[in-house]
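Everything below concerns the one structure shown next.
Just so it is clear, the model here is predicted, and its values are computed rather than measured.
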Amino acid sequence: MRISQLAERSGVPATTLRFYEGAGLLPADRTPAGYRVYGEDAVERLAFIGAAKHLGLSLEEIGELLGVWEAGACRDVKADLRPPDRRPPGRGGVSRRRAGRVHRLPAHGPATPGRAARPGETV
């Protein structure tokens, strides 16, 4: 899809899409005429970027997380957190006790290595 279509579908302005491409967060192919062309996965990728920004992560941190996400490391964790009837075959999932802890995590987690704690946050 072209940049205008992606902007319309995702609600992200075209200028921001160009910025994300330049920052290495949103890859785009080019047509022979030089127009940007995005795959269908771009909408989901933008949702991921938006959620990470909402959590207060820097673009550099988001780029690192995108690398982990693309490598598929999140797939097993996501499968374990699904309700039992929606898990892939062979995935036992997390215990109820562990799942409860996940849902009680604070909206803004503790400081990560390389990032200072936010005001009022304990390390």
Exercise. Are Y38 and R9 side-chain neighbours, meaning at least one heavy-atom pair lies under 4.5 Å?
Worked result: no
Exercise. Any side-chain heavy atom of I62 within less than 4.5 Å of one from L59?
Worked result: yes
For this session: Count the heavy atoms belonging to other residues, nucleotides or ligands that lie under 6.0 Å from CD of Q5, then report whether that count exceeds 12.
Result: yes
For this session: Calculate, to the nearest 0.5 Å, the distance between atoms CG and CZ belonging to L6 and R45 respectively.
Result: 11.5 Å
Exercise. Are side-chain heavy atoms of M1 and E8 found at a separation under 4.5 Å?
Worked result: no
Exercise. Does the side chain to side chain contact (heavy atoms under 4.5 Å, CB included) test come out yes or no for V12 and I49, once each step is laid out?
Worked result: CA-CA 11 Å; V12 177; I49 293 169; over 6 Å; no
For this session: Drop me the distance from E21's CD to I3's CD1, to the nearest 0.5 angstrom.
Result: 7.5 Å
For this session: Find out if a path of hydrophobic residues (ILVMFWY) with successive side-chain heavy-atom gaps under 4.5 Å connects F19 to L46.
Result: yes
Exercise. Are R36 and R2 close enough that some pair of their side-chain heavy atoms sits under 4.5 Å apart?
Worked result: no
Problem set entry | T16 OG1 to L25 CG distance, which is reported to the nearest 0.5 Å | 11.5 Å
Exercise. Of all heavy-atom pairs between A7 and P13, which one has the smallest distance, and what is that distance?
Worked result: CB-C, 4.4 Å
